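Right, one structure below, let's go through it.
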Amino acid sequence: MELEPGIHQLAHGRKPFGIPAPNVYLIQGTDASMFIDSGWDNEDDHAARMAYLKEVGGPSLTGLLITHRHADHGGGALHIHQDTGVPISAHRLDQAAIEAERFGGAATLNSVLDGGESYDLGGLTLQVVHAPGHTAGSLAVVIPERNVMLSADTVLGVTTTVVRPSEGDLGKYVESLRMLRDLKPRLIYPGHGEPLTDPDDRIRQLIEHRMHREEQIVAELKTAPKTIDQLFDTIYPNLPEERQRIGKEQVESNLIKLTNEGRVAIDGEVYTLT
Ligand SMILES: [Zn+2]
């Protein structure tokens, strides 16, 4: 559906962890069109995206930007590339994961981004912003003519963002939230779910949520040194089985942030306040 002139949102396929299906954005200027993300790698989803593209018409497709390495955002990219020939771009720090996991080692990115690039589509410009944290190479895209931001998974309305130690960095994530908030977008088009009409308030909530979790962990460590499992048991007491691994990873991400800041020290598996 067209959210505002030239900005289309497509959402097809599976809902990861019960949140809405990944959003694919089709941005159309007067001279060129680009996809931001590709959705899942799935025949039906792919056919639906191609049918949508044909139906809306408009200027020719000139590129596909993958916001980050995850399957729900870049899974279908290679299929779109094979059908349309458009170049695929993504951030340098997610390049290896995308080429190995999303392309199965069978293809490489056509262009590697660092943030700061822009694409002139004619009347609409896509400005690439590196917003690390959810993954090392996570990107946001700003469209200055409309003062809107495509935030991918870095800012979501439907849930808080998962930050896994193997892929991301909580300290950088919080810095990215502050940086995106300072850009003062009028509206955020997130990687899942409906547009966010009060970006400033939503980002403030997300920062406060992280600070609250951190304070909980520091308070727990004040009582005694603890392991990740012990902290997890008090901080996420009622988490369903299938979410427990991710919960433990969130605790670990907090501990890595605190360790990097010199506030916590680790001895074996035990974390202590310094
Ligand atoms: Zn993601």
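Hydrogens, waters and symmetry mates are skipped; everything else that's a heavy atom, side chains included, is used. Since the model is a prediction, treat every value here as computed from it, not as a measurement. Whatever order the structure lists them in is the order used to number ligands and atoms, beginning at 1.
- With salt bridges taken as basic N to acidic carboxylate O contacts below 4.0 Å, none links Lys184 and Asp200.
- A heavy-atom distance below 4.5 Å is not found between the side chains of Gln9 and Ile7.
- More than 12 heavy-atom neighbours from other residues, nucleotides or ligands sit within 6.0 angstrom of CD on Glu145.
- Between Arg204 and Glu208 there is a salt bridge, since a side-chain N of the basic residue sits under 4.0 Å from a carboxylate O of the acidic one.
- A donor atom on one side chain and an acceptor atom on the other are found under 3.5 Å apart for Glu167 and His70.
- Below the 2.8 Å limit, the Zn ion (ligand 1) has as protein N, O or S neighbours His68 NE2, His70 ND1, His134 NE2, Asp153 OD2.
- A salt bridge between Glu261 and Lys257 is present, with a side-chain N of the basic residue lying under 4.0 Å from a carboxylate O of the acidic one.
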